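Starting off with a structure, shown below.
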Number of protein chains: 2
Amino acid sequence: MVADKRRSEQPRDVLGRAPSLADTLAARLREELASGRLKAGERLPTEQQLSQTYGVSRPIVREAVGRLKHDGLVLSRQGAGAFVADPKASSVFRLDVANFSDKGDLRHIVELLMAVEASATEHTAERHSDADLATIRARLNEMQAAIDRGESGVDEDVAFHRAIIDATGNPYFRDLSEFLDRRVRTFIRTARANSARLAGMAQIVQGEHQAIFDAIVARDPQGARAAAETHLKNAAARLAIYLDR
Amino acid sequence: MVADKRRSEQPRDVLGRAPSLADTLAARLREELASGRLKAGERLPTEQQLSQTYGVSRPIVREAVGRLKHDGLVLSRQGAGAFVADPKASSVFRLDVANFSDKGDLRHIVELLMAVEASATEHTAERHSDADLATIRARLNEMQAAIDRGESGVDEDVAFHRAIIDATGNPYFRDLSEFLDRRVRTFIRTARANSARLAGMAQIVQGEHQAIFDAIVARDPQGARAAAETHLKNAAARLAIYLDR
DNA sequence: GATAACCAAGTTGCCTGACAAGTACGGTTT
DNA sequence: AAACCGTACTTGTCAGGCAACTTGGTTATC
């Protein structure tokens, strides 16, 4: 495993990256499936045919079809062929956040994040263990310590929310909100970077955190949900400020 | 950005399909990344090295790495190599529902479904158009018609909820709840198949639908959320009955 | 001596051709 | 008519090779 010394030179994938042939072919086939020209259970053209139709080699076709298989859209049997999978039976879900810079898109993401986090907070309020509570309290204190040190506390902020979500014991909540959180909060982080009003705002955020924590301690699900919702709503509002500049 | 430890790549024993080499290799590499032996920004071994290390041909390595690229875990630049992607920057999320028969897993799924649908219903109540409302009403009537014909109305049930979700205009709500819905409701459908108490229950369900619809019409977000929550909670309870038998 | 142009090795992207393993279908045999 | 079998077809895998691109060091130039 050779280490790359120039870590700052992380390749920018989003822009400038020419899509590979397999990528474009996979996209076209996906379109073909979505359009309904190929129905569930039907057989796809053979790799040979596909390679001729689209003018690429068979390994490329294999790679493209392999992705569809990976995403649960097709199934293949050696010797028989590849078949369109029944969407009802598909067990994988794929979420693509393509154009994150788009403001409408960001709003949609935040809405989903709010739905998940508010519900998770509610659940945690009604079924947390003592150990869960101790962890959450520790994160809350760390956030305060970061603020006292004059830092933004964004990382501690994330950790606090994550502790709450983890306490639900629901891996789907955990994974989904971790993903959404990362997307939204890295956005916030970069947006905040040039801001001067950092210190005061962090303390306001902390106050909202305290309200959430108190409701959890009191085992008050409704209150916890409400506190989480206002917190997230405020966060979205604060975010909007930076978006408009 | 991957959601699950129970990767579907390894034990695809569902239909007896032996996992392909590319599948298993992809799973091993994924493990390698998740374990942290390879950190973000580092370069992966070359395809040549990988093919020697794991004793497979280079096309197989390409296919495996291609899946990691597809899932946003790896980025590659022609001539330079393949690099571990920064999870923070990853823009794809993958949700794997591997062992759906597991009861705990089903509960987690239902919890997520409830979170998404309740929030979506709330949003629709506060910002629906007349056209949205007309569509939802149509679905409600179709459900009633199905019940009057003595059918279970499961399809119409799904369509009703889907109309509400669509009205939010949030594609992430739509896609996610469609996926979860499909998983849960096909389960319900098969569970219900042998049940005799079908007719009466369908009418009860319809009553809950009516409550949701009324709250939406009244543009009462809180009421809509509450109605949706009770409906989903009841649905989960009804489901539990069939699970326990 | 510092800087710019350049070259060679290494790497991924893609291709052709081939063989093995498994499947489907039609013809043959019983 | 039913069971059997062989052949063509399809996917899974491998080997080797060329083109495009990146990188780092070397050489040429000022």
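Keep in mind that what you see is a predicted model, and the values were worked out from it rather than measured. Chain A is the first sequence line, chain B the second, and so forth, proteins listed ahead of strands; every chain is numbered from 1.
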Using salt bridge (Lys or Arg N to Asp or Glu O under 4.0 Å) as the criterion, list what pairs up with A/E156, not counting sequence neighbours. none

Which residue pairs satisfy the salt bridge (charged side-chain N to carboxylate O under 4.0 Å, His left out) criterion with at least one member in residues 158-168 of chain A, sequence neighbours excluded? A/R162-A/E178

Run the salt bridge (Lys or Arg N to Asp or Glu O under 4.0 Å) test against A/R28 and tell me which residues pass, sequence neighbours left out. none

Residues which pass side chain to side chain contact (heavy atoms under 4.5 Å, CB included) with A/Q49, listed by chain and number, not counting sequence neighbours: A/P45, A/T46

Every protein N/O within reach of nucleotides 8-11 of chain D N/O, cut-off under 3.5 Å:
unit_1 : atom_1 : unit_2 : atom_2 : d
D/dT10 : O2     : A/G79  : N      : 3.4
D/dT11 : OP2    : A/E47  : N      : 3.0
D/dT11 : O4'    : A/G79  : N      : 3.4

With sequence neighbours excluded, what pairs up with A/D71 under the salt bridge (Lys or Arg N to Asp or Glu O under 4.0 Å) test? A/R30, A/R94, B/R94

From the 5' end of DNA chain C to its 3' end, which nucleotides mark the outer limits of contact with chain A, defined by a 4.0 Å heavy-atom distance cut-off (strictly under)? C/dC14 to C/dA24

Residues two or more places apart in sequence or in another chain: which of them pass salt bridge (Lys or Arg N to Asp or Glu O under 4.0 Å) with A/R67? A/D23, A/E63

Please identify each residue that fulfils side chain to side chain contact (heavy atoms under 4.5 Å, CB included) with A/S119, with sequence neighbours left out. A/F173, A/R225, B/A115

